[in-house]
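These numbers come from the heavy atoms of this one structure, side chains and all, not from hydrogens, waters or symmetry mates. A note on names: the letters A, B, ... follow the listed sequences, proteins ahead of strands, and every chain is numbered from 1.
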There are 2 protein chains.
Amino acid sequence: MINSKSVTVFDVARVAGVSKSTVSLVLTGSSKVSEKSREKVQKAIIDTGYIYNRDAASLRSRKSNLVAIIINDLSNPYSAQLAEGLERQIRQIGLFPILVNSGENVDTQDQLVQRLKEYKIAAFIMCPAPGTTAEWTNKLVQQGFPIIHIMREIEGANVATVLPDNIAGTSLATQHILDKGHRKIAFLGGNERISDYHQRLAGFVNTMTAHGTPPPQELCIQSETTRNGGRQAMAEVLAVEPDIEAVVCFSDVVAYGAIEHMRFHGKKPGKDIAVTGFDDLKDSRLMSPSLSTVHIDANKIGIAVCDLLSNLKNGLPTKTVIDVTFIARESG
Amino acid sequence: MINSKSVTVFDVARVAGVSKSTVSLVLTGSSKVSEKSREKVQKAIIDTGYIYNRDAASLRSRKSNLVAIIINDLSNPYSAQLAEGLERQIRQIGLFPILVNSGENVDTQDQLVQRLKEYKIAAFIMCPAPGTTAEWTNKLVQQGFPIIHIMREIEGANVATVLPDNIAGTSLATQHILDKGHRKIAFLGGNERISDYHQRLAGFVNTMTAHGTPPPQELCIQSETTRNGGRQAMAEVLAVEPDIEAVVCFSDVVAYGAIEHMRFHGKKPGKDIAVTGFDDLKDSRLMSPSLSTVHIDANKIGIAVCDLLSNLKNGLPTKTVIDVTFIARESG
DNA sequence: TATATTATATGGAACGTTCCAAAAACACGC
DNA sequence: GCGTGTTTTTGGAACGTTCCATATAATATA
């Protein structure tokens, strides 16, 4: 392959005893080719060891089946879980997903996109890094690149967006906690630079307020969305309100950290302090106590994305909200 | 971009007042083009909004700067950390890494590779899924595809392999535990279908044996390399030897699980039972107690891979062993 | 059987780039 | 100003595919 000339449609055609055009029709799965020819070609493909050259195909056809998934933070387990779901669904509809990682950095994100533009990419699926502007996004859209935002909303961006029902999610979690009789409740984690924070916080605040117990400002504590962020947030909460009864967390990872820290202070999660998460990571079901959390179905997000992929109306902002469910487990 | 004909080198050439060939020379960074021409072309590129078409370039030049990283398991935090390091280094040498996930499944892995073959890929960097055979790998190598294995060795595969010094790693950890005076020591986690298990286990067994205290079979407990695997392995250990003094774990994630489970039994990590990990995940430094572990520098692996990328001698099996360091922290 | 219709098969051009061989421009020494 | 050597520029061909318009084969219709 390095030196030797590669096998082309011409070679396959010669072996199969048909024309290169017929081979091409078989390769693209055309219906206007006889069963006999198809079989001859397919055999010849195997015999010659032919490998389809997508660069040539995409150059000529101006089509591609590559889909770029720009992950915001690979080291966040939820991102990984989401990526897996997206990958699975996208592959199912015959497209080929590739992953790149922006690391929550808006410059890296820009560089990645600039590079990816040079490949024919059928669509960019991205979880925008904090600081992504509507102008930046709209410029891309205007240039004709098909973009789908997931998980996070950028106000003013003319793109299709798929995101979970964040407000409903934390509402359900909060209501569950209230139903259990808890009153001193904190909201832990998240970062105001990202839209989902505002939404998840709103679900909490709204539900608390509707219940007649609006939460004090100092019990809504931002943090990194990492385990360590969760530990720190929990530390802050215990400093402000040592008798806290429950914590509604921005994400499962934050909840994990919060649990670690409360244990450090001798408080038992699910007994002394109720805890809920958001995301439903695989481990949340297996841990002890198992974590009550808001389940987001990564496959559903994948399916919604694929729907958009199929009939992409560029420039028309749409918003697909994926329903979530609250799963009560042992932690609260 | 969807409908309108795209801007090509010809358009740039026209605007710049040079030939398409000169534009091409500028694009490929050739030194044999005058400064004046280069500037004219660069200006024209901006003015026209030209976007380089890598499909065309790669078709003609038979070169590519795409590097596929085939991750074994995206949901494993270490894989993610490793991928980040690889990505960073590979991008630094002007190549473009894309990630795909085999999910530890050998069939998925094969499908991915078959698909990727159709794109021009400069190199395949893969952490082979369990069950990957030397025949499978060698067939690819023979077809001329440049392959680098990382983290795991496949015996008989004629590929360049980059992996951490697993034996030294667990030896260091085990010696540290012995130096602390512990004697009842178990090895937790890992799966015999993967080469690194055998190596890490060997480091443990060798060191224990050299010390005159060869470990009993029943204190070497395999498990999934997940948190939950760690929990189960710890449960097994406590069933077999309730007075266990230390656990040397296959990986940090397994150690996390083991710690969770021992706490459940009222045992304090680092006090009642010493714990060591392997990988040095970001969180291991931040948790409490912080985890003593074997540090693998993902950047070093990336650099070694890039070295191989630069002068890839296909078919000649080489083995690059990356040195590791033991980091003593609070857990043991 | 002849003709209309439909189903298949085909060769040439095109996609946007790089390679190559050759031409043009420039520099230098005499 | 002219030959010589060097640097810079250039048009045509090529990479491997798909598109398209046309040709051929097969089938139906009368």
Would you find a donor on one side and an acceptor on the other, under 3.5 Å apart, between the side chain of [X] and the backbone of [Y]?
{"X": "A:Ser102", "Y": "A:Ile71", "value": "yes"}
{"X": "B:Gln81", "Y": "B:Ala298", "value": "no"}
{"X": "A:Ser195", "Y": "A:Glu153", "value": "yes"}

Looking at every strand, decide which applies to [X] at a 4.0 Å heavy-atom threshold: base, sugar-phosphate, or nothing.
{"X": "B:Tyr52", "result": "sugar-phosphate"}
{"X": "B:Lys20", "result": "base"}
{"X": "B:Ser21", "result": "base"}

- Message: So, OP1 or OP2 of D:dT10: does either fall under 4.0 Å of a side-chain N or O from B:Ser19?
- Response: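 Looking at the OP1 and OP2 atoms of D:dT10, one of them is under 4.0 Å from a side-chain N or O of B:Ser19.
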
Say you draw a straight line from NZ of B:Lys120 to CG of B:Leu66; how long is it, rounded to the nearest 0.5 Å?
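Nearest 0.5 Å value for the NZ-CG distance: 11.0 Å.
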
Residue set satisfying side chain to side chain donor-acceptor pair (under 3.5 Å) with A:Thr132, at least two apart, ordered chain then number -> A:Gln109

Counted 5' to 3', the first and last nucleotides of DNA chain C within 4.0 Å (strictly under) of a heavy-atom of chain B are C:dC15 to C:dC19

Please tell me whether B:Lys117 and B:Gln114 have a donor and an acceptor in their side chains that are separated by less than 3.5 angstrom.
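Present: a donor and an acceptor within the cut-off.
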
Report task. Would you tell me whether B:Thr48 and B:Asp11 have side-chain atoms, one donor and one acceptor, within less than 3.5 Å of each other? Result ->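 Result is no, nothing qualifies.
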
- request: Tell me which residues in residues 22-41 of chain B put a heavy atom below 4.0 Å from DNA chain C, sorted by number, or none.
  value: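 Heavy-atom cutoff 4.0 Å gives B:Ser24, B:Thr28.
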
message = Let's go through B:Leu112 and A:Arg91 carefully: what are the C-alpha distance in whole Å and the side-chain angles of both, what is the deciding distance for side chain to side chain contact (heavy atoms under 4.5 Å, CB included) to 0.1 Å, and is it a yes or a no?
response = CA-CA 10 Å; B:Leu112 286 173; A:Arg91 215 172 283 142; 3.7 Å; yes

